[in-house]
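Heads up: the structure comes next, in structure tokens.
Chain letters run A, B, ... following the sequence lines, proteins first, then strands; residues in each count from 1.
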Amino acid sequence: MKIKSQLSNIISDALKSANIKADDVVISDATKPEFGDYQFNGVMKLAKILKQNPRQIATNLVEHIDTTGMIAKVEVAGPGFINIWLNNEWLGKEVTAILTDDRVGVGYVQKPKKVVVDYSGPNMAKQMHVGHLRSTIIGDTLATLLEFLGDDVIRQNHIGDWGTQFGMLIAYLEEQGADGATTELKDLEQFYKDAKVRFDESPEFADKAREYVVKIQSGDEHCLTLWQSFIDASLGHCEEVYDKLGVNLTRDDVRAESFYNPKLAEVIKTLKEINLSTVSDGAECVFLDGSEVPVIVQKGDGGYLYATTDLAALEYRAKELKADRICYVVDARQGQHFKQVFTIAKQAGMVGENVALEHIGFGTMMDKGGKPFKTRDGGVIKLIDLLDEAVVKAKESIKERDAHSEDELENIATVVGIGAVKYADLSISRESNYIFSWDKMLSFEGNTSLYMQYAYARIQSILRKYDGEIEGDIIIGDETEHRLAHLLLKFEDTLSKAATDATPHTITSYLYDVVTQFMKFYELNPILKGGIDEEVKVSRLQLAKLTGAVINKGLDILGIKVVDKI
RNA sequence: GCACUCAUAGCUCAGCUGGAUAGAGCAUCGCCCUUCUAAGGCGAGGGUCUUAGGUUCGAAUCCUAAUGGGUGUACCA
């Protein structure tokens, strides 16, 4: 239900019939409950343009507002605010109407777009660590969300499988007499370290490593086979993590750096042809306006750089995949890089003018001391270990609470533990830096996944206890029901905002509001206790059921599962 | 040096396309379990929204500057 745009239409109509000229009507959420559900603040601006008293305009406008349907009443307040209250009957009717809708009242976008979402992008030379968490789950949420709203989403996992380090790795792999499937590769981090030690201690090995880099790039069959087995094994590690995280990335979504390798020469050719690039200090460079430092697209030795690969990827995505919107879910530290690459791609015509290029940046993972995690440090927490630990900790806290069978406990702990990790990350606005803390991630208080899980489980418990077909309408009885119903109808507005801004935390905040409001409703309005009218009981049951459905759907978009019992 | 970004309660963070008395959670202090899952609810205290200017009827929100964090900045990705 698009409440805001419906209200906006009603106000527009009122403006028209009151003969007031105005362009766009922006409806805001009411800042306080006393001010109703929504407010229209545009009158003050109009007053200035029309050189009239705002209160007068507002009073006039209010008389023309249609209050026969969704609006119960409107009031002029303060210097010229118009406060809007939603009608309880209307709320009840709308909320009842979506009870049987598996999209819980959320429609589809009017003009579906083809959207490429580039996320996760692990490096094949290394195991995924906590630093990969944000890209992976923010990207996955964005992809799921856009898909749910009706866009045609193409997931792209731009894995790092190309570069000098692979020469060393496959040379070491060969020396170990191993292929990717053997135990040597179980711990990529260790393997990398061992290879590096070998590289540093033996000049012959180092020479071989360098030779192998060239061989892979020139298509040597033996080296390519080794390389491929290494990549397969490494990708297997990632998939293990994706599986645990419940992330929807498959091999079909992989478009590795190596994929663009054959296209790189063409990129340089294009840039040269239109004179966008010039040679400087032996390297092929693009100098952009307002920047002294160039973007190097080809090294002095002829090698290509990540900007080159990204340009090739942009062209591929725009022209081959025919994307209307391309979202890069990558660390905010690469903001400058993407800004430059986007500019070059547009100037060079690799991407059409109307294609939206967005860098969905996110803050850096910091440690408790406020310092960024270091990738090259040995002390980095592996993502897989983090997830396992989360499940163990979740298990401990559930254990002390209630008697569960071993299987039940395992299942609940997995859902709760993984959910807690994801929720902790997604509930922070993505631009700000992220202070990684076990305590915070695994705390089950406040705005956390467990608060949602708990509310959901309580609702399911009530529905189980009723044990019957629930049939009947929702009738809004009091203020808590009014607010809860209203919140449930705001689901679509919330999702569209989250989709446009690419901000998953908009969804978590919303869900937190829903749950908080449900708890209040539930505290004041008993459902199954004695002495309650059957009609009221059914209405409250339905409202609880719908709340559960919205929580479930919301968490589902965030990639978080729920359990019926905690 | 230049560029980008951030600064809100003791702590962790929302709010930022300008609107009325700036909101949550944690922590602190009260109250509510013979009652649908108390991992819950109700309430209290806690703020010159870094500072100084500007725009405006109105600024945490927009602009400028300063200060203090973080980040990026020619052949890594």
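- Within the structure, side chain to side chain donor-acceptor pair (under 3.5 Å) contacts touching residues 278-291 of chain A (residues at least two apart or in different chains) are A/Ser277-A/Glu284.
- Residues satisfying the salt bridge (charged side-chain N to carboxylate O under 4.0 Å, His left out) test with A/Asp331, not counting sequence neighbours, are A/Arg333.
- With sequence neighbours left out, the side chain to side chain contact (heavy atoms under 4.5 Å, CB included) criterion links A/Asp513 to A/Leu487.
- Between B/rA39 and A/Tyr456, no contact under 4.0 Å exists linking OP1 or OP2 to a side-chain N or O.
- Across all strands shown, B/rG18 forms no Watson-Crick or G-U wobble pair with both key distances under 3.5 Å.
- Along RNA chain B, the nucleotide nearest A/Phe81 and the nucleotide nearest A/Glu257 are compared for position; the residue whose nucleotide lies closer to the 5' end is A/Phe81.
- B/rU55 is unpaired under the Watson-Crick or G-U wobble criterion, no partner having all donor-acceptor distances under 3.5 Å.
- Relative to the ring axis of A/Tyr38, A/Lys4 does not place its NZ or CZ within 45° and under 6.0 Å from the centre.
- For A/Ser509, whose side chain is taken as the heavy atoms from C-beta onward, the closest listed nucleotide among B/rA77, B/rA14, B/rG40 is B/rA14.
- Against RNA chain B, the stretch residues 539-547 of chain A makes no heavy-atom approach under 4.0 Å.
- Applying the side chain to side chain contact (heavy atoms under 4.5 Å, CB included) test to A/Lys561 and every residue at least two apart in sequence or in another chain returns A/Val415.
- Here A/Asp331 lies out of heavy-atom contact (under 4.0 Å) with every strand.
- Comparing atom distances between the A/Asn83 side chain and each of B/rC57, B/rU37, B/rA20 picks out B/rA20 as nearest.
- Remark: A/Glu292 CD is loosely packed, at most 12 non-hydrogen atoms of other residues, nucleotides or ligands lying under 6.0 Å away.
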What are the atom names and distances for every N/O pair under 3.5 Å that joins the protein to nucleotides 6-13 of chain B?
residue: B/rU12; atom: O2'; partner: A/Lys440; partner atom: NZ; Å: 2.1

Shorter than 3.5 Å, N or O on both sides, protein versus nucleotides 31-35 of chain B: list them out with atom names.
residue: B/rU35; atom: O2; partner: A/Lys529; partner atom: NZ; Å: 3.0

Atom pairs, protein N/O to nucleotides 72-75 of chain B N/O, distance under 3.5 Å:
residue: B/rG72; atom: O2'; partner: A/Gln336; partner atom: OE1; Å: 2.5
residue: B/rA74; atom: N1; partner: A/Ser280; partner atom: OG; Å: 2.8
residue: B/rC75; atom: O2; partner: A/Gly300; partner atom: N; Å: 2.8
residue: B/rC75; atom: N4; partner: A/Asp281; partner atom: O; Å: 2.6

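- A salt bridge is absent between A/Arg317 and A/Glu315; no separation between the charged side-chain nitrogens and carboxylate oxygens falls under 4.0 Å.
- Nucleotides B/rG30 and B/rC16, compared at atom C1', are 36 Å apart to the nearest Å.
- Judged purely by distance below 3.5 Å, without hydrogens or angles, the side chains of A/Ser427 and A/Asn447 never pair a donor atom with an acceptor atom.
- A/Asp425 has a carboxylate O that lies under 4.0 Å from a charged side-chain N of A/Arg134, or vice versa, which qualifies the two as a salt bridge.
- For B/rG19, the OP1/OP2 oxygens have no side-chain nitrogen or oxygen of A/Lys45 closer than 4.0 Å.
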Pick out the pairs of N or O atoms, protein on one side and nucleotides 42-50 of chain B on the other, that lie under 3.5 Å.
none

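- B/rG68 and B/rC57 have their C1' atoms separated by 35 Å, given to the nearest Å.
- With a cut-off of 3.5 Å on both Watson-Crick or G-U wobble distances, the partner of B/rU67 is given as B/rA7.
- Taking 4.0 Å as the cut-off between side-chain N and carboxylate O, A/Asp200 and A/Lys196 count as a salt-bridged pair.
- Atom pair A/Asn123:CG and B/rA77:P shows a separation of 11 Å (rounding to whole Å applied).
- Using a 4.0 Å cut-off between a side-chain N of Lys or Arg and a carboxylate O of Asp or Glu, A/Lys490 and A/Asp29 qualify as a salt bridge.
- Mapping A/Val515 and A/Gly163 onto RNA chain B via the closest heavy atom, the residue that lands nearer the 5' end is A/Val515.
- In this structure, B/rG1 forms a base pair with B/rU73, meeting either the Watson-Crick or the G-U wobble geometry with both donor-acceptor distances under 3.5 Å.
- For the pair A/His482 (side chain) and A/Gly477 (backbone), a donor-acceptor distance under 3.5 Å is absent.
- Across all strands shown, A/Tyr304 has heavy atoms under 4.0 Å from sugar-phosphate atoms exclusively, and none from any base.
- Across the protein-nucleic acid pair, A/Gln340 atom CD and B/rA3 atom P stand 15 Å apart, rounded to whole Å.
- Under the rule for a side chain to side chain contact (heavy atoms under 4.5 Å, CB included), the partners of A/Asn525 that lie at least two apart in sequence or sit in another chain are A/Asp478, A/Thr480, A/Glu481, A/Phe521, A/Arg540.
- Minimum atom distance to the side chain of A/His505 is reached by B/rG15, of the listed B/rG15, B/rG19, B/rU37.
- The OH atom of A/Tyr38 sits 18 Å away from the P atom of B/rA20 (whole-angstrom rounding).
- In A/Lys339, the NZ atom is not crowded: 12 or fewer heavy atoms of neighbouring residues, nucleotides or ligands sit closer than 6.0 Å.
- Using cut-offs of 30° and 60° for the angle between ring planes, the A/Phe230 and A/Phe166 rings count as perpendicular.
- Taking the O4'-C1'-N9-C4 or O4'-C1'-N1-C2 dihedral as appropriate, B/rC57 has a value more than 90° from 0 and is therefore anti.
- When distances are taken from the side chain of A/Lys32 to each of B/rA20, B/rG23, B/rC36, the shortest belongs to B/rG23.
- Under the 4.0 Å criterion applied to side-chain N and carboxylate O atoms, A/Asp533 and A/Lys537 are not assigned as salt-bridge partners.
- Comparing the same atom, P, in B/rG15 and in B/rG43 gives a spacing of 24 Å after rounding to whole Å.
- Here A/Arg255 pairs with A/Gln156, A/Phe259, A/Tyr260, A/Tyr316 under the side chain to side chain contact (heavy atoms under 4.5 Å, CB included) rule; sequence neighbours left out.
- Nucleic acid contact class of A/Ala77 (heavy atoms, under 4.0 Å, all strands): base.
- Applying the Watson-Crick and G-U wobble criteria (two distances, each under 3.5 Å), B/rU48 pairs with nothing in any strand.
- Across all strands, A/Ile527 comes closer than 4.0 Å to base atoms (heavy-atom distances).
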- Derivation and outcome, ring pair (Phe, Tyr, Trp, His ring centres under 6.0 Å), residues A/Tyr456 and A/Tyr451: CA-CA 9 Å; A/Tyr456 183 80; A/Tyr451 184 73; over 10 Å; no

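- Residue contacts for A/Phe35: at a heavy-atom cut-off of 4.0 Å it reaches a base atom on one of the strands shown.
- Within the structure, every pair that satisfies the ring pair (Phe, Tyr, Trp, His ring centres under 6.0 Å) test and touches residues 277-308 of chain A, not counting sequence neighbours, is listed here: A/Tyr306-A/His337.
- One P atom belongs to B/rU50, the other to B/rU61, and the distance between them is 8 Å to the nearest Å.
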